[in-house]
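The figures that follow rest on heavy atoms only: side chains count, while hydrogens, waters and symmetry mates do not. Order of the sequence lines fixes the chain letters, A, B, ..., with proteins taken first and strands second; residue numbering starts at 1 for each chain.
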Amino acid sequence: MEILAVVIIFLAAIYIQGFILNFFLFHNLEYSCHFNVDKATEGDNIFLEEIIYNKKPLPISWIKAEIYTSKWLDFAGKDAVLAQENRFVTSNFFLKGYQKITRRWNVKCIKRGYFEIDKITLVGGDFLGSFSDSSSVIDVRTDLLVYPATIALEECFRPASRFIGDTIVRRWINDDPFMFSGLREYMPGDALNRIHWKATANRGKLMVKKNDFTTNLRTAVILNIQSQDNEPETVINKEFSEFGIKVAATIFNKALMQGLPLSFSTNGSVVNEDEKVILTKESLGKEHLNELLNILARLRLKKAQDFEFFINDIYQNYSNTEVIILTSYLTKEICHTIRKIKAGKNNVSIMLLNNIEKENLPGDLDVYIPLRKENNYD
Amino acid sequence: MTDKKRETLLKIMSIIAIFLCVYPLTSVVRISLFKESKELLDGFFYLVVSLSTFIAVSLIMHKNQTRKDIVLAYGYLIIPIIASIIYFFSFGILSTIFGAFITAILCLFTIRVYFKEYNYLISGAKLYVGIVMLLLALAFSTYFEELKYLKNQFYIFTFIYAFSLLVIRNQSNLDSIFSKRFDKASGIPEKMRSYNIKKIIVFFLLIVGFFYFRDVLIAGLQGLLGLLGFILRILWSFFGTIMEKLREFLIVEETDLPSSPDMGYPIDGGNGGNPIVNMVCNIIAILLIAFTVYKIATVLIINVLIPFLKNTYKRLLEKIINFFEKTEHKEEKTHYYTDRIERVIPSAISKKSAKPKEIPKISRALKQMEKIENPKEKVKYLYGFILKCMSAKGVDIKKSYTTEEIYKKAKEINQLDAPLREITSLYDRVKYGDKMPKDSQVDDAKSNTIKSIEIINKI
């Protein structure tokens, strides 16, 4: 009888501990998960906060939350599993009775985008692995909008007309006239009436006024989401389009600093909305900038309309405007439409996102080409 | 403890476990064959040989093997030889051959376990074979007079084996869940293993306690069953008496009826022989009993007894927890995350501050803040000050609340959203992100604090 008692007691104890721990595993257990901010900028470090609270006296030997999110939110390092565009992280806990754990993951936003964690499943079990159970799907619904980073335009572009040596570029894109205007040294080709004589006398060398070029007060940015002509719906060279988005974000920021009214158009569409092209109204101020950055953050790398048709549809919308076209390629038709924009009293600058051979560049248009390809596309 | 050390320890534990389940039965066989009674000496021989073989194998298979390792390995291989010689002089040649055979089997398992997982020896069929061997040894030691002196020893072996089994099972379970999955989970939290082992020890002690106090428990259960039986007997006799009285009353009423020539059925003089009356009485009795049982089951047990037991258990448990544990707050940092661990024990949940607190003065707080040199501490101080003021104004802020939870609470206060959002964000970066705030950020925090306090004071 004693031997039987030993066997029965051990088996019963193992079964009972498994049954009780499993039965009450999710009873009085609270779990939530959210980002500490709802908006961030590419490169920012933020937190993903998980709160788990065991509101019962029974302990929890192990429990894990399975978090699926985008691979562009970098956290958990080597412990994360990356698959295509996804990052899978399991967050493991053990809890004593009435214990609450707040876990803050250090998250680095490595790319712009709209990221969400909507559902999480908890899996837990007993001490001996005899039983395990998973919770019903927990609706956590937390989202994060990562705005694109800005870049130093002067370091990323040069006018296509200048291939050798350093010359001062007249265009605002490189000169950054929104920010600063002052004096510079005389350079061959500068008109004599631009010489600042007092400064020349003061410094002992010829100084010229660094004049602001005349720019239109209205600015329009047109972004071609396609990376090449005759591209299927999804963008092939994603790095070009991403670079274009960063350039657009930089221009938006500069325009905000100068208080210039700005509009944005693209043949791409945004996530969580219908697949249609984006045409924003012209406006100014921080709210408008946030709205535009919001669009950039949520842009899909997928065309909603072919750029040739898109630009042809919208070219009449502009007059007396500084139009900046961001595109990875140029075709005859596109150039033709751009000429029509230019003809409508607009100042047009084309910022190429990809290097094109010099022979293929239109000589009559202001084209800027990227400087160092490798760095720009990081 | 490093993973390698842990795994080696668990392997040694599983070698001891396999020894514990092999030794008792072989000991029974050896005693029956050779009529020897030198307790534990042969067991000591098996164990020494197995463990020294394991250590020698580990040294021989060492990745960056040095001359020292080789010398040590041979040194460990000498131990089995010495042990065999001692065994031979103690037991004689036949017993030594028998012992060598058993030791060879154990050594084979020992070498296998080096190349396999630590739970190799106590998983699958080997586990069941081990249990059966132990139970057989226990049975022999219980039912054979000449082996009875081994009984206690075998029980101790059984319990140690069971304990090893629980620990290894628990650790292998954690490994299979967190480390050895194809999709690789994010590591095991640092203290999860030790926590689990502690709980396994408690669990094991409970089982042992339960085993040794089973007689008390059985007596208790018998007493409880006796009490229930007694209550039922009383109930039965009580209803029996009522029914008897009812039946007598009905029969008396029938005999009192005026007899008419049409009603010619015989009256038996009140001795209860009327079958119809009997049947009616029985049906009423059954219905009454069924109703009473139903009422007891629903009203008394479900509505009264179970909630009473539940509340008593909860209160008792809370008292025990509050007695042994204190509300704790600690932080644990890993490379990837920071854990804030809090123990919100029941007394802390229900405790409410009785006295209203004084609202601290902002000017004094700002002066105090200026004295602090570290910008990080300045931000923390300002944030803490806002929380103090909110708490003083009656906003329920528990120690267990996170910054996000506090922010959500603060959102309910008109206009407090914006300034608190900024200072909360800065506080999070400073506290958990280990960022050193710039002077301008400290100034912003200061102005946000002033704004927040102004708003809070308006509540």
> Quick one: does A:I9's side chain get under 4.5 Å of B:I207's, heavy atoms only?
Replying inline: yes

>> Measuring only between side-chain heavy atoms, which start at C-beta, is B:Y195 closer than 4.5 Å to A:W62?
In response: no

> Of all heavy-atom pairs between A:D126 and B:N173, which one has the smallest distance, and what is that distance?
Replying inline: O-ND2, 3.6 Å

> Charged N to carboxylate O under 4.0 angstrom, B:E405 versus A:K100?
Replying inline: yes

>> Counting only non-hydrogen atoms closer than 4.5 Å, does A:L95 touch chain B with its backbone (N, CA, C, O), its side chain (CB onward), both, or neither?
In response: backbone

>> Does any backbone or side-chain atom of A:L82 lie under 4.5 Å from a heavy atom of chain B? Answer side chain, backbone, both or neither.
In response: neither

>> If I take atom CD from residue A:E50 and atom OH from residue B:Y337, how far apart are they, to the nearest 0.5 angstrom?
In response: 9.5 Å

>> Can you tell me how far apart CD1 (A:I51) and CD (B:E404) are? Round to the nearest 0.5 Å.
In response: 7.5 Å

> What do the steps show when you test A:T102 against B:E342 for side-chain contact (heavy atoms from CB on, under 4.5 Å), and what is the final call?
Replying inline: CA-CA 8 Å; A:T102 307; B:E342 291 144 284; 3.9 Å; yes

> What is the minimum heavy-atom distance between B:T403 and A:R104, and which atoms define it?
Replying inline: OG1-NH2, 3.6 Å

> Got a donor-acceptor contact below 3.5 angstrom from the B:D428 side chain to the A:N36 backbone?
Replying inline: no

> Which heavy atom of B:M192 sits nearest a heavy atom of A:S61, and at what distance?
Replying inline: CG-O, 4.0 Å

> Is the CD atom of A:E85 crowded by more than 12 outside heavy atoms at less than 6.0 Å?
Replying inline: yes

>> Taking side chain as everything from C-beta outward and backbone as N, CA, C, O, which of these in A:V7 sits under 4.5 Å from a heavy atom of chain B? Side chain, backbone, both or neither.
In response: side chain

> Hey, what do you get for OH (B:Y336) to CH2 (A:W105), rounding to the nearest 0.5 Å?
Replying inline: 9.0 Å

>> Side chains of B:T402 and A:E49, heavy atoms from C-beta outward: is any pair under 4.5 Å?
In response: yes

> Taking every heavy-atom pair that is under 4.5 Å apart, which of B:K333, B:E331, B:K191, B:R421 has the most such pairs with chain A?
Replying inline: B:K191

> Do B:I200 and A:L128 have side chains that get closer than 4.5 Å, going by heavy atoms?
Replying inline: yes

>> As an exercise, state the distance from OG of B:S194 to CZ of A:F94, rounded to the nearest 0.5 Å.
In response: 6.5 Å

> For B:M13, what residues pass the side-chain contact (heavy atoms from CB on, under 4.5 Å) criterion, not counting sequence neighbours?
Replying inline: B:L10, B:F163, B:S164, B:V167, B:I168

> Under a 4.5 Å cut-off applied to non-hydrogen side-chain atoms, are A:Q99 and B:I341 in contact?
Replying inline: yes

> In Å, rounded to the nearest 0.5 Å, how long is the span from CZ of A:F10 to CZ of B:F210?
Replying inline: 12.0 Å

> Taking the side chain from B:R343 and the backbone from A:G97, do they hold a donor-acceptor pair closer than 3.5 Å?
Replying inline: yes

> How about B:Y128: does its OH atom have over 12 heavy atoms from other parts shown lying under 6.0 Å from it?
Replying inline: no

>> Quick check on B:K198 against chain A: is it the side chain, the backbone, both or neither that has a heavy atom closer than 4.5 Å?
In response: neither

>> Measuring from atom CD1 of B:I177 to atom CG of A:N92, what distance do you get when rounded to the nearest 0.5 angstrom?
In response: 9.5 Å

> Using non-hydrogen atoms only, which part of A:F127 is less than 4.5 Å away from chain B: side chain, backbone, both, or neither?
Replying inline: both

>> My understanding is that only residues two or more places apart in sequence, or in another chain, count here; which of them pass side-chain contact (heavy atoms from CB on, under 4.5 Å) with B:L420?
In response: B:I386, B:Y407, B:A410, B:L416, B:I423, B:T424

